[in-house]
Amino acid sequence: MQGLRRTHSAREIVPELIGREVVLTGWVHRRRDHGGVIFVDLRDRGEIVQVVFKPELSPETHARAGDLRSEYVILVRGEVRRRSEDTINPKMATGEVEVDVLELRILNRATPPPFPIEDEIEADEATRLRHRIHDLRRGPLQRALTLRHNLYQSVRRTLTRNEFLEIETPFLGKSTPEGARDFLVPSRLHHGEFYALPQSPQVMKQLLMIAGFDRYFQIARCFRDEDQRADRQLEFTQIDLEMSFTDVEEVLGILEEITVRGSADAAGVELTAPFRRLSYADAMARYGSDKPDTRVLLELVDVTDAFRESEFRAFRANVDAGGIVKCLPIHDAAELGRGAIDRLEKFVKKELGAKGLAWIRVNDDGSWQSPIVKFFSESEKAAIAAATELRPGSLVFFQADTAPRANGILSRLREDLGRQLGRVEDRPWDVLFVVDFPLFEPDDEGRLTYVHQPFVAPVEEDIPLLDSEPERVRGTHYDVVLNGVELGSGSLRNHRSDVQRKIFEIMGYSKEESEARFGFLLNALDSGAPPHGGFAFGYDRWVMLLAGLDSLRDVIAFPKTQRGQDLLLDAPTPVGPEQLSELGITLPPAETEP
RNA sequence: GGGGCGGUAGUUCAAUUGGUUAGAGCACCGGCCUGUCACGCCGGAAGUUGCGGGUUCGAGUCCCGUCCGCCCCGCCA
């Protein structure tokens with residue numbers, strides 16, 4: 001590029017520059033060779049400007065323009081000109097002007113792209129991931145990553161203004177048995193020992209609070225070795241934040257400020273603070289989910305009490321076993337015919353593990369149609385009718401199961417059917433806090449375990465209950481939910497080691513186990529820990545929602561497939577015996593086919 | 001770990017009940033073309049039908065196994 005530097009980017013080629021000489025660099029987006037005049041769309045950071053090669057301006061340059069191919073990297077020097085009226089392209093941002101090229105330099109040639117570099121393509125995802133470079137040249141990814149950048153800047157501005165310090169914490173940390181599966185990194189200096197990549201900087205940031213940093217944040221990479229989904233990657237980014245001498249209200253205020261400003265700065269999305277608050281109990285009762293999209297208008301109704309003495313064995317046995325009976329009433333549901341109901345039943349049984357899908361339909365004449373209602377007493381019928389406000393045209397789906405499963409199944413039906421039937425409020429954004437979570441819940445074996453993570457502080461007046469009725473203790477935990485997606489969560493943390501020890505004890509850890517796993521934290525708490533709290537905010541999901549996308553892979557530059565592979569790098573890969581022996585690792589002999 | 005959908009040319013797709021030489025659009029290559037903007041016209045090349053095995057006179061098609069991509073459950077905050 002000797003001697004010539006670009007003077008403008010494509011998006012800067014505006015009518016005000018007409019008559020000026022400019023130097024542009026970029027990629028050949030498309031070439032239209034008319035034998036005489038040659039048009040080239042020059043692309044540069046997602047913006048396109050037309051450059052024109054005319055034989056009469058420079059025969060030599062024109063001749064070489066004939067060699068150009070898609071994705072060649074070029075530099076052109078030329079004059080910005082107004083297009084004639086009849087050749088203005090209203091579909092292009094720069095469509096009023098073009099550049100008459102005087103000089104062309106081919107900076108690099110390029111192999112043909114595997115798919116067109118356009119906004120709308122049909123390439124399948126594996127092809128896109130294998131050719132990620134080309135995919136990243138496309139408008140949607142250029143825009144998503146630009147949004148992502150703008151959001152980083154907004155968050156940093158907001159937090160800096162609020163006197164938060166950005167501090168990095170280690171990637172090479174300590175494995176702990178809680179939560180997700182760790183990614184392990186073998187130690188060369190200590191054979192047989194492993195670092196763990198952080199699932200989040202949770203404990204490190206608490207140590208920073210104890211060290212007196214008062215307000216910390218980090219846009220942190222986190223690693224969790226679990227199966228992936230459209231909205232879950234092995235590595236992902238969190239806005240991680242912690243503050244000392246604070247309370248829930250202050251933390252939620254910061255959370256609102258970041259969310260509102262970030263959404264506005266990066267995507268022009270207007271959210272209004274303060275956010276609505278919903279208790280965990282209400283969320284579960286009405287929506288069957290702790291991350292409801294409340295734009296969906298359907299709500300669940302609990303009818304457990306109606307079946308405590310029921311003759312209907314399927315429901316009664318479930319209630320006797322501590323389960324619940326809950327239902328999803330849908331009024332004016334004529335369009336859901338018998339076929340649709342059968343498909344739903346198949347779906348919930350097969351995909352969601354439901355035992356069945358009982359239902360009642362109210363005919364136009366007020367009579368009931370249902371596979372189960374013949375087992376109901378008159379008082380049970382009356383109770384259901386009252387609780388669900390049945391009327392002609394109503395359809396009610398039932399689940400009798402454990403509370404988590406009944407809620408899970410009905411909540412999925414609620415969202416699916418709500419959308420399908422258009423029972424959705426007409427507003428693009430739904431943001432809320434879910435608060436008043438319990439600190440503990442029983443696990444599959446009936447033992448108490450933490451609901452979120454083991455460092456959440458109990459609500460202060462519930463501390464005495466830790467000894468008597470731990471399952472009734474409320475946590476200081478809160479979630480932010482945006483459009484039915486859990487974006488972030490936080491809490492106040494235990495700053496008293498006695499409370500923290502008690503919580504470990506309730507979770508069934510012996511003193512020795514607590515010391516071995518978290519001795520460093522307990523000691524730190526004893527060294528003068530201030531009251532503190534904060535949150536962690538799922539950055540990739542936030543970008544995804546603001547960009548209107550439904551896969552994290554579309555907001556991460558180099559994402560992994562569902563099986564955890566990077567198709568561009570071809571990672572992971574085996575490593576050689578020298579590397580392994582240096583780490584003191586011996587692999588089992590390769591399993592041979594029988 | 002489980003359920004579902006998919007894998008044919010660089011790419012997106014087609015190929016009758018198992019039947020001749022596996023086709024088409026776009027991309028690519030060559031030629032023509034001075035106002036296009038998904039330029040146009042003419043011509044051409046392009047295939048381990050994901051991989052391995054089986055059934056069959058004959059397999060893209062049927063069977064078994066396996067790998068890969070996506071969605072979901074489990075798992076995960």
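Chain letters run A, B, ... following the sequence lines, proteins first, then strands; residues in each count from 1. What you see is a predicted model, and the numbers here were worked out from it, not measured in a lab.
At the heavy-atom level, Glu98(A) lies under 4.0 Å from base atoms of the strands shown. When heavy atoms are screened at a 4.0 angstrom cut-off, Arg412(A) is found touching the sugar-phosphate backbone but no base atom. At a threshold of 4.0 angstrom between heavy atoms, the contacts of Thr87(A) include nucleobase atoms, whether or not backbone atoms are also involved. Counting any heavy atom pair closer than 4.0 Å across all strands shown, Arg232(A) reaches a base atom. No contact: Asp231(A) has no heavy atom under 4.0 Å from any strand. In this structure, Ala230(A) reaches the sugar-phosphate backbone alone: every heavy-atom distance under 4.0 Å involves primed, P, OP1 or OP2 atoms, never a base. Note on Gly538(A): nothing from the nucleic acid sits closer than 4.0 angstrom, heavy atoms only. Contacts of Pro116(A) with the nucleic acid, taken as non-hydrogen atoms under 4.0 Å apart, are absent. Base engagement by Asp33(A) is indicated by at least one non-hydrogen atom pair under 4.0 Å involving a base atom.
Side-chain proximity of Glu351(A) to A77(B), C70(B), G3(B): nearest is G3(B). For Arg563(A), whose side chain is taken as the heavy atoms from C-beta onward, the closest listed nucleotide among C68(B), G35(B), C72(B) is C68(B). In the set U12(B), G3(B), C76(B), the nucleotide with an atom closest to the side chain of Ala180(A) is C76(B). The side chain of Asp41(A) lies closest to C37(B) when the candidates are A77(B), C37(B), C72(B). Among the nucleotides A38(B), U34(B), G1(B), the one closest to any side-chain atom of Glu56(A) is U34(B). Taking every side-chain heavy atom of Val37(A) into account, U34(B) is the closest of U34(B), U11(B), A77(B). Taking only side-chain atoms of Gln562(A), from C-beta outward, the nucleotide of U36(B), C71(B), U34(B) with the closest atom is C71(B). Of the candidate nucleotides C75(B), C37(B), G3(B), C37(B) has the atom nearest to the side chain of Arg32(A). Taking the side chain of Thr127(A) as heavy atoms from C-beta on, and the options G69(B), C71(B), U12(B), the nearest nucleotide is U12(B).
Using C1' as the reference atom, C75(B) and A59(B) are 41 Å apart when rounded to the nearest Å. Rounded to whole Å, the separation between the P atoms of G6(B) and C28(B) comes to 31 Å. Across A46(B) and G30(B), the matching C1' atoms stand 14 Å from one another, rounded to whole Å. Separation of the P atoms belonging to C26(B) and A22(B) is 22 Å when rounded to the nearest angstrom. Nucleotides A9(B) and G74(B), compared at atom P, are 36 Å apart to the nearest Å. Between A14(B) and U56(B), the two C1' atoms lie 26 Å apart (nearest whole Å). Distance check on atom C1': A38(B) versus U12(B) gives 15 Å, rounded to whole Å. Only the C1' atoms considered, G47(B) is 12 Å distant from G10(B), to the nearest whole Å.
For the pair Asp135(A) and Arg553(A), the salt-bridge criterion is not met [side-chain N within less than 4.0 Å of a carboxylate O]. Ion pairing of Arg83(A) with Glu96(A) is absent here, as no side-chain N (NZ or NE/NH1/NH2) approaches a carboxylate O to less than 4.0 Å. Using a 4.0 Å cut-off between charged nitrogen and carboxylate oxygen, Asp119(A) and Arg143(A) count as a salt-bridge pair. With salt bridges taken as basic N to acidic carboxylate O contacts below 4.0 Å, one links Arg493(A) and Glu242(A). A salt bridge does not link Asp401(A) with Lys326(A): every distance from a Lys NZ or Arg NE/NH1/NH2 to an Asp or Glu carboxylate oxygen is 4.0 Å or more. Between Glu103(A) and Arg77(A) there is a salt bridge, since a side-chain N of the basic residue sits under 4.0 Å from a carboxylate O of the acidic one.
No donor-acceptor contact under 3.5 Å links the side chain of Asp124(A) to the base of G6(B). No N or O donor and acceptor, one from the side chain of Arg30(A) and one from the base of C37(B), sit under 3.5 Å apart. Counting distance only, with no hydrogens placed and no angle test, the side-chain atoms of Arg69(A) and the base atoms of C29(B) include no donor-acceptor pair under 3.5 Å. Below the 3.5 angstrom threshold, one finds no donor paired with an acceptor across the side chain of Arg31(A) and the base of U36(B). The base of U36(B) sits with one of its N or O atoms less than 3.5 Å from a complementary donor or acceptor on the side chain of Gln50(A). A donor and an acceptor atom sit less than 3.5 Å apart, one in the side chain of Arg83(A) and one in the base of C37(B). No hydrogens or angles were tested; on distance alone, a donor-acceptor pair under 3.5 Å links the side chain of Lys54(A) to the base of G35(B). Judged by distance alone, with hydrogens and angles left aside, Arg553(A) brings no side-chain donor or acceptor close enough to the base of G69(B) to form a pair under 3.5 Å.
Toward the 5′ end of RNA chain B lies the nearest nucleotide of Glu122(A), the other residue of the pair Lys91(A) and Glu122(A) mapping further downstream. Taking for each of Gly564(A) and Arg224(A) the nucleotide of RNA chain B with the nearest heavy atom, the 5'-most of the two is the partner of Gly564(A).
Between Lys350(A) and C72(B) there is no side-chain N or O to OP1 or OP2 distance below 4.0 Å. One finds a side-chain N or O of Gln565(A) lying less than 4.0 angstrom from the OP1 or OP2 phosphate oxygen of G69(B). Listed pair Arg229(A) / C73(B) meets the phosphate criterion, a side-chain N or O lying under 4.0 Å from OP1 or OP2.
Checking side-chain atoms of Asn494(A) against main-chain N and O of Phe455(A) turns up a donor-acceptor pair under 3.5 Å. Side-chain atoms of Asn483(A) never come within 3.5 Å of backbone atoms of Val431(A) as a donor-acceptor pair (strictly under, hydrogens ignored).
Ring pair Phe275(A)/Tyr478(A): centre-to-centre distance not below 6.0 Å.
Remark: C1' of C26(B) and CD of Glu118(A) are 10 Å apart, rounded to the nearest angstrom. For Phe39(A) and U36(B), the CZ to C1' distance is 4 Å, given to the nearest whole Å. For the pair His29(A) NE2 and U36(B) P, the interatomic distance rounds to 18 Å; values are reported in whole Å. When the P atom of G10(B) is taken as reference, atom CG of Asp135(A) falls 19 Å away, rounded to whole Å. A straight line from CG of Asp566(A) to C1' of G69(B) spans 14 Å, rounded to a whole angstrom. Gln453(A) has its CD atom 9 Å from the C1' atom of A77(B), to the nearest Å. Taking atom CG of Asp100(A) as the reference point, atom C1' of U34(B) lies 13 Å away to the nearest angstrom. Atoms CG (Leu552(A)) and C1' (C71(B)) sit 15 Å apart, rounded to a whole Å.
No side-chain donor from either of Gln238(A) and Ser200(A) sits under 3.5 Å from a side-chain acceptor of the other.
Figure legend. G44(B) is base-paired to C28(B); pairs are counted as Watson-Crick or G-U wobble with both atom distances under 3.5 Å. Across all strands shown, the partner of G19(B) is C57(B), judged by Watson-Crick or G-U wobble contacts whose two distances both fall under 3.5 Å. Across all strands shown, C70(B) pairs with G4(B); the Watson-Crick or G-U wobble distances both stay below 3.5 Å. With a cut-off of 3.5 Å on both Watson-Crick or G-U wobble distances, the partner of U49(B) is given as none.
Taking the 5.5 Å centre cut-off and the 30° plane limit, the aromatic side chain of His34(A) is classed as stacked on C39(B).
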